[in-house]
Amino acid sequence: MTSVATVEIDCWALRHNLARVRESAPGTRVIAVIKANAYGHGLIRVAKILQQAGSDAFAVARLNEALQLREAGIQQPIICLEGFLNSTELYELARHDVQVVVHHANHVAILEQQRLSEPVSVWFKIDSGMHRLGVPPQSVAELWQRLTACDSVKALRLMTHLASADDPRSEQTQQQLKLFADTTKGMAAEVSIANSSGILGWQQSHGDWVRPGLMLYGASPFINGRGEDEGLQPVMTFSSHLIAVNHFKRGDPIGYGASWCCPEDMAVGVVACGYGDGYPRHAVPGTPVLVNGQRLPLVGRVSMDTLCIDLRGAAGVNIGDDVTLWGKGLPVEEVAECAATIPYELLCAVAGRVAVEVIN
Ligand SMILES: *Cc1c(COP(=O)(O)O)cnc(C)c1O
């Protein structure tokens, strides 16, 4: 035992969750989304496991992520979701056979100007209502024409992204699906629409290729959802150790700002994990942690290297005991709710100093 915060990465759970993607969207091909260091799980590690498990393709956000995958010997199709900034980036992407998302008229102009020795595969992204990245519906016909005529383009496919698929009651998803279908009518091309919430909640969005991110890592993409309810298993378990057990009097304040005071004489535990490890500073008092399998509440403010917990009612707790911050036995979704955020942010934010243990 060492006093470092650790993430355990469970490769079995990752493979299980990929199988859940296949069950949920039968007949589609899978683009595993592994941007942002595979949501904190390790870009190359996750790519290798999913490559072996038969993921059809990978998606990353940026050029440098795509190049890291190629350097590590990943040979599957890779899609760069943010496209390219200029002709230099386009050239690099093409040279490494990375597929590009064309989400702006500017991209079409660069493709037309650039004489690529190797043409690129293009995902033409339509803004069906999210209003983030994508070409507006009224420009689609003209830009599609130009892309089909462009020598720098080989395969041409269609995509869009859903803004509210995490909310089963939202009408926006139906509106987006309809606008996308209307806009692309008569265009003979494969289609990709669904992220995790599309895969699990909107069968109409499955198309030819699905783009799961969060569900691969075992968390639910739905508001107030739990991965377990979707048959998913957590891949990451974030843990550390109890490094002190202290006894205080009623009224004694705990931690920075003295924002929390002991309501009675009591024991307080100190855990070697803080926002410097990626634990959210905004987690409120009462946020659960697990010590030897017992749920105990956080107290006071989270600091850089430590957080404090209420040991009232805890049986047989000692310095050195394992503390689970999220993962097996404690859903990351629940911790995210206590910190007014989403599981995506917590998983991505695990810091570089955190040790990694891989369970094969
Ligand atoms: C990140 C991302 C995804 C994956 O989304 P999840 O909600 O994590 O499944 C899919 N498509 C695009 C365009 C993305 O940016």
Side-chain angles (χ1 to χ4, degrees), residues 14 17-18 20-22 24-25 28-41 43 46-47 50 55-63 65-66 77-84 98-104 107 122-135 157-168 170 172-173 176-177 180 190-203 205-227 230-232 234-236 332-333 336 341-349:
L14 186 59
N17 296 335
L18 177 63
R20 281 292 300 140
V21 172
R22 295 218 182 271
S24 309
T28 63
R29 274 171 286 174
V30 176
I31 303 166
V33 180
I34 54 173
K35 62 195 179 189
N37 196 31
Y39 293 44
H41 294 68
L43 177 69
V46 167
L50 292 178
S55 175
D56 300 289
F58 292 109
V60 292
R62 309 268 163 81
L63 166 66
E65 296 173 322
I78 299 172
I79 297 147
C80 184
L81 293 171
E82 286 186 358
F84 45 92
V98 177
Q99 304 183 2
V100 298
V101 169
V102 163
H103 57 71
H104 199 280
H107 287 141
V122 165
W123 292 84
F124 185 46
K125 183 168 186 173
I126 297 170
D127 175 15
S128 57
M130 172 133 179
H131 299 149
R132 189 179 59 176
L133 295 179
V135 165
R157 300 185 178 91
L158 290 162
M159 68 180 283
T160 193
H161 195 54
L162 300 173
S164 303
D166 60 329
D167 180 356
S170 170
Q172 192 183 9
T173 304
Q176 284 194 261
L177 292 173
F180 181 77
E190 291 170 356
V191 162
S192 177
I193 303 170
N195 59 353
S196 296
S197 47
I199 292 164
L200 292 168
W202 305 86
Q203 205 204 325
S205 74
H206 287 175
D208 301 295
W209 296 78
V210 292
R211 306 192 303 272
L214 190 69
M215 72 178 288
L216 286 173
Y217 309 103
S220 167
F222 297 116
I223 297 167
N224 298 320
R226 296 288 180 267
E230 308 295 341
L232 301 168
V235 178
M236 175 193 291
V332 65
E333 297 94 319
T341 185
I342 51 176
Y344 296 82
E345 188 181 24
L346 297 191
L347 296 175
C348 284

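Both ligands and their constituent atoms are indexed starting at 1 by order of listing. It should be emphasised that the depicted structure is a prediction, and the values quoted were computed from it without experimental measurement.
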Heavy-atom donor-acceptor pair, Glu65 side chain to Ala36 backbone, under 3.5 Å: yes
Distance-only N or O hit between ligand 1 and Met159, under 3.5 Å: no
Any donor-acceptor pair under 3.5 Å linking the side chain of Trp202 with the backbone of Thr173? no
What atoms of ligand 1 come closer than 4.0 angstrom to any heavy atom of Leu81? 12 (C), 14 (C), 15 (O)
Using heavy atoms and a threshold below 4.0 Å, how should the contact between Leu214 and ligand 1 be classified: side chain, backbone, both, or neither? both
For Arg211 and His161, does a side-chain donor sit closer than 3.5 Å to a side-chain acceptor? yes
Residue and atom name of the nearest protein heavy atom (relative to atom 8 (O) of ligand 1), distance in Å to one decimal: Tyr39 OH, 2.5 Å
Side chain, backbone, both or neither: the part of His161 lying under 4.0 Å from ligand 1 by heavy atom: side chain
Which bit of Ser196 is near ligand 1, meaning a heavy atom under 4.0 Å away: side chain, backbone, both or neither? both
Ring geometry between His107 and Phe84 (parallel below 30°, tilted from 30 to 60°, perpendicular above 60°): tilted
Keeping the roles fixed (side chain from Ser24, backbone from Ile199), state whether a donor-acceptor pair exists under 3.5 Å. no
among protein heavy atoms, the one nearest atom 5 (O) of ligand 1 is Asn195 CB, 3.4 Å
How close does the nearest protein non-hydrogen atom get to atom 11 (N) of ligand 1, and which residue and atom is it? Arg211 NE, 2.9 Å
Taking the side chain as every heavy atom from C-beta outward, state whether Met215 and Asn17 have any pair of such atoms under 4.5 Å apart. no
For Gln176 against Leu162, the heavy-atom pair lying closest together: OE1-CA, 3.5 Å
For ligand 1, the portion of Lys35 having any non-hydrogen atom under 4.0 Å away: side chain
Note the single closest protein heavy atom to atom 7 (O) of ligand 1, along with its residue, its atom name and the distance in Å. Tyr344 OH, 2.6 Å
Backbone N or O of Met159 within a donor-acceptor pair of the Ser192 side chain at under 3.5 Å? no
Check for me whether Pro212 has a heavy atom closer than 4.0 Å to any atom of ligand 1. yes
